[in-house]
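See structure below.
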Protein chains: 2
Amino acid sequence: MTITQLKYVLAVAEHQNFTKAAEKTFVTQPTLSMQIQKLEDELEIQIFDRTKKPIELTSVGEKIVEQARNIVNESERMQDVVDQEKGFIGGAFKLGIIPTIMPTLLPMFLKSFANRYPKVNLKIEELNTDEIIVKINEGYLDAAIAATPLGQDKIKERPLYYEPFVGYIPENHRLALKDKLEVGDLDIDDILLLEDGHCFRDGIINLCKATKNVTSEKFQLESGSFETLVKLANEGLGMTLLPYLHTLDVDSAFKKNLKYFKEPSPAREVSLIYSKSELKMQIINALHDSISGVIRGAIAFQDVKIISPTKK
Amino acid sequence: MTITQLKYVLAVAEHQNFTKAAEKTFVTQPTLSMQIQKLEDELEIQIFDRTKKPIELTSVGEKIVEQARNIVNESERMQDVVDQEKGFIGGAFKLGIIPTIMPTLLPMFLKSFANRYPKVNLKIEELNTDEIIVKINEGYLDAAIAATPLGQDKIKERPLYYEPFVGYIPENHRLALKDKLEVGDLDIDDILLLEDGHCFRDGIINLCKATKNVTSEKFQLESGSFETLVKLANEGLGMTLLPYLHTLDVDSAFKKNLKYFKEPSPAREVSLIYSKSELKMQIINALHDSISGVIRGAIAFQDVKIISPTKK
DNA sequence: TATATTTAATCAGAATAATCTATTTGGTAA
DNA sequence: TTACCAAATAGATTATTCTGATTAAATATA
């Protein structure tokens, strides 16, 4: 059994196709076929069921793939160990970011990070929280930025910052005259929210439920971006809530509609999360440093009350 | 990087000598030298400091060896996965047993186990608890039988049985006239114990401390085997405590000196312990089944009060 | 039904890598 | 110095892995 063979197995398991897997692993299809057969001979068991189209894993095959992933992960970590020792920070790194954080946070740290760690080849994907959890566990993502806590026992969380919620109250809204918002003022049926699946939304529902025992689950409207929500609010369709960093992008003509909460303001915890297996820790540390650095300037620290996203 | 190379590295790290390591891995010394050099070239780092005699690991080398052990362990587990699927129970297995359990338990299950699982090549070593913990963690032992709980977070414990303590009270001892012993009767200065390092002793000290707040740590006598202890007791040097299974070996002429505790009798928990990495689980399960089987006949189950060994 | 098309297996030869034997080098100890 | 030991090196041999061409089988298309 060689590590190469295991990588071939993983590639076939992923693409369900020998030819594609061969391309991805930069060998010819016969090479891949032979190596996998050799492994099957050595273990004296079928890994793939070749009668099915597309090709499928046998039941043992699934366990073998799982174990192969372990071995390959551990083996990739060897370079990590060496890099750590050398103080070398570089290599490929996949980072997931949830949609409600992506547009505000990414521009803030990306340039400085790229300058500071030029050897890191950062690939960033916008994914929602559920997708992130899956992809961290299967080793596709090296780390991600999401609202926490998630309560996932295979995932570590390292808080980056606490982002207060700010109300966006259009002119003739019932709360327009208040100076500062209070959590008790909120009514779930009256708040414009992002479409389901965005964890920011989960956080808000939770907030309302927690404070007013609202059980109603019918929302007037749901949109995919905060920009839209603000416009809808301006049309008199209700108020909305924005994470603090998004308020910086609000058109100056409408800044007057922003209403802050009385302290302690409700807030979401935003963390860098990664697998407990702690691969590529040097890069994770570097990311944490970079982001913490830019955030310190952007969010004036206030007394804050954390709202957890509802995660099953 | 290949698994073979990592095995070579582990062998050299263990024997601190290329030539010996080569013998152990069944290749010639140049083969080993070259493969290790190749690995060092690939990682661009020195693993061994060859100027030292005997050869030494560099500081990175130590981390590399640790990671190599992970990889090799995970890779050996692959066969395990397959065996499990096939229901195959066999292969080499190293079992440690503490001295106070070895002579009584081993004869009870060894023969039947060997018959039932003829393909398992069982190697048994008598080791004390501390040695067992070390050797399980470094992967030298696959499992062990010891008094528990140990409170080791890398080690899993699976209780086999609860073995009551029985007092051995010589004729003119102050407790000789009592019908049943009580925990409160015990006085640490009056009990003959095994020499330090035997966890059975730790258990007893604990028992006495717990019940009478004895702080005195001077013992009249310490011996290496229960047989000796019984003889010493017969000489009037005090009483002693025996685990139940040992009482079966007491000469019938002296059986009258055995005094049981009032229920719930103090007892020790004896468990099958193994690394959390759960290698060779089929064999561990097989052992558990075999031992539980023979024990059910030997220890009539009673109401029992568990005494934990003191483990730092 | 015949004909492409797709996909994995097979085979022979080339390229690569691992291992062996024999020898050299570099320290240590006598 | 010489003798001795352990690791490195050189060259030959053997194993292995890979490729390119081809085949076989299954599926899709005309």
Side-chain angles (χ1 to χ4, degrees), chain A residues 1-62 64-65 68 71-72 75 78-79, chain B residues 1-58 60-62 64-65 68 71-72 75-76 78-79:
Chain A
M1 183 176 71
T2 67
I3 296 172
T4 315
Q5 287 171 345
L6 299 178
K7 285 183 181 167
Y8 293 162
V9 169
L10 291 183
V12 175
E14 185 184 348
H15 298 100
Q16 302 200 320
N17 176 310
F18 276 66
T19 314
K20 260 183 213 156
E23 279 168 29
K24 296 284 175 183
T25 48
F26 308 108
V27 288
T28 56
Q29 169 265 319
T31 305
L32 203 106
S33 270
M34 277 185 58
Q35 288 305 316
I36 287 178
Q37 277 181 40
K38 268 187 65 176
L39 182 61
E40 288 180 326
D41 287 350
E42 183 186 333
L43 299 176
E44 295 181 308
I45 208 143
Q46 285 287 103
I47 299 174
F48 295 101
D49 181 349
R50 293 153 169 89
T51 64
K52 302 273 177 59
K53 296 266 167 167
I55 224 157
E56 261 178 37
L57 281 166
T58 61
S59 62
V60 214
E62 289 183 24
I64 287 177
V65 164
I71 298 171
V72 171
S75 75
M78 185 61 88
Q79 189 61 54
Chain B
M1 184 174 70
T2 68
I3 295 172
T4 316
Q5 286 170 345
L6 298 178
K7 284 182 181 167
Y8 293 162
V9 169
L10 291 183
V12 174
E14 185 183 348
H15 298 100
Q16 303 201 317
N17 177 308
F18 276 65
T19 314
K20 260 183 213 155
E23 280 169 29
K24 296 284 175 183
T25 48
F26 308 108
V27 289
T28 56
Q29 170 264 316
T31 304
L32 201 106
S33 270
M34 280 189 63
Q35 287 307 314
I36 288 179
Q37 277 180 41
K38 267 188 66 176
L39 182 61
E40 288 180 326
D41 288 351
E42 183 185 335
L43 299 177
E44 296 182 307
I45 209 144
Q46 285 287 103
I47 300 174
F48 296 101
D49 181 348
R50 294 154 168 88
T51 64
K52 301 274 177 58
K53 297 268 168 166
I55 224 159
E56 261 178 37
L57 282 166
T58 60
V60 213
E62 289 183 23
I64 288 178
V65 164
I71 298 171
V72 171
S75 75
E76 282 177 353
M78 186 61 88
Q79 189 61 55

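Below, chains carry the letters A, B, ... as their sequence lines are ordered, and counting in each starts from 1.
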Exercise. Over how many whole Å does the gap from Arg50(B) atom CZ to dT25(C) atom P extend?
Worked result: 19 Å

Exercise. Has the side chain of Glu42(B) got a donor or acceptor atom that lies under 3.5 Å from a matching backbone atom of Met1(B)?
Worked result: yes

Exercise. Thr19(B) or Gln35(A): which one's nearest nucleotide on DNA chain D is closer to the 5' end?
Worked result: Thr19(B)

For this session: Keeping the roles fixed (side chain from Gln29(A), backbone from Thr19(A)), state whether a donor-acceptor pair exists under 3.5 Å.
Result: no

For this session: Taking only the side-chain heavy atoms of Pro30(B) (C-beta and beyond), determine which of dA22(C), dT19(D), dT19(C) contains the nearest atom.
Result: dA22(C)

Problem set entry | Given dA8(C), dT9(D), dT10(C), the nucleotide with the shortest approach to the side chain of Ser33(B) | dT9(D)

For this session: Find which nucleotide of DNA chain D each of Thr2(A) and Thr51(A) is nearest to by heavy atoms, and output the residue with the more 5' nucleotide.
Result: Thr2(A)

Problem set entry | Evaluation steps, side-chain contact (heavy atoms from CB on, under 4.5 Å), between Leu57(B) and Phe48(B) | CA-CA 4 Å; Leu57(B) 282 166; Phe48(B) 296 101; 3.4 Å; yes

Seminar exercise, completed: Taking dA7(D), dA8(C), dG20(D) as options, the one with an atom nearest any side-chain atom of Asn17(A) is dA8(C)

Exercise. Among the nucleotides dA8(D), dT19(C), dC18(D), which one has an atom lying closest to any side-chain atom of Thr4(B)?
Worked result: dT19(C)

For this session: Check the distance between dC20(C)'s C1' and Gln29(B)'s CD and give it to me in whole angstrom.
Result: 12 Å

For this session: Determine whether the side chains of Ser33(B) and Gln37(B) contain a donor N or O and an acceptor N or O closer than 3.5 Å.
Result: no

For this session: Measure from CG on Leu39(B) to P on dA17(C) and round the result to the nearest Å.
Result: 15 Å

Exercise. Does any N or O in the side chain of Glu56(B) come within less than 3.5 Å of the main-chain N or O of Asp49(B), such that one atom is a donor and the other an acceptor?
Worked result: no

For this session: Return the value, rounded to whole Å, for the distance between atom CG of Asp49(A) and atom P of dA9(C).
Result: 11 Å

Exercise. Just how far, in rounded Å, is P of dT17(D) from CD of Glu42(A)?
Worked result: 10 Å

Problem set entry | Among dT19(D), dA7(D), dA8(C), the one nearest Ile55(B) by side-chain distance | dA7(D)

Exercise. At under 4.0 Å between heavy atoms, what does Tyr8(A) touch on the DNA or RNA strands: base, sugar-phosphate, or nothing?
Worked result: sugar-phosphate

For this session: Check the distance between dT10(C)'s C1' and Phe18(A)'s CZ and give it to me in whole angstrom.
Result: 14 Å

Problem set entry | Value in whole Å for how far the C1' atom of dA15(D) lies from NZ of Lys38(A) | 9 Å

For this session: To the nearest Å, give me how far apart CE (Met1(B)) and C1' (dA17(C)) are.
Result: 17 Å

For this session: Using only side-chain N and O atoms of Thr28(B), determine if any of them is under 4.0 Å from OP1 or OP2 of dC20(C).
Result: yes

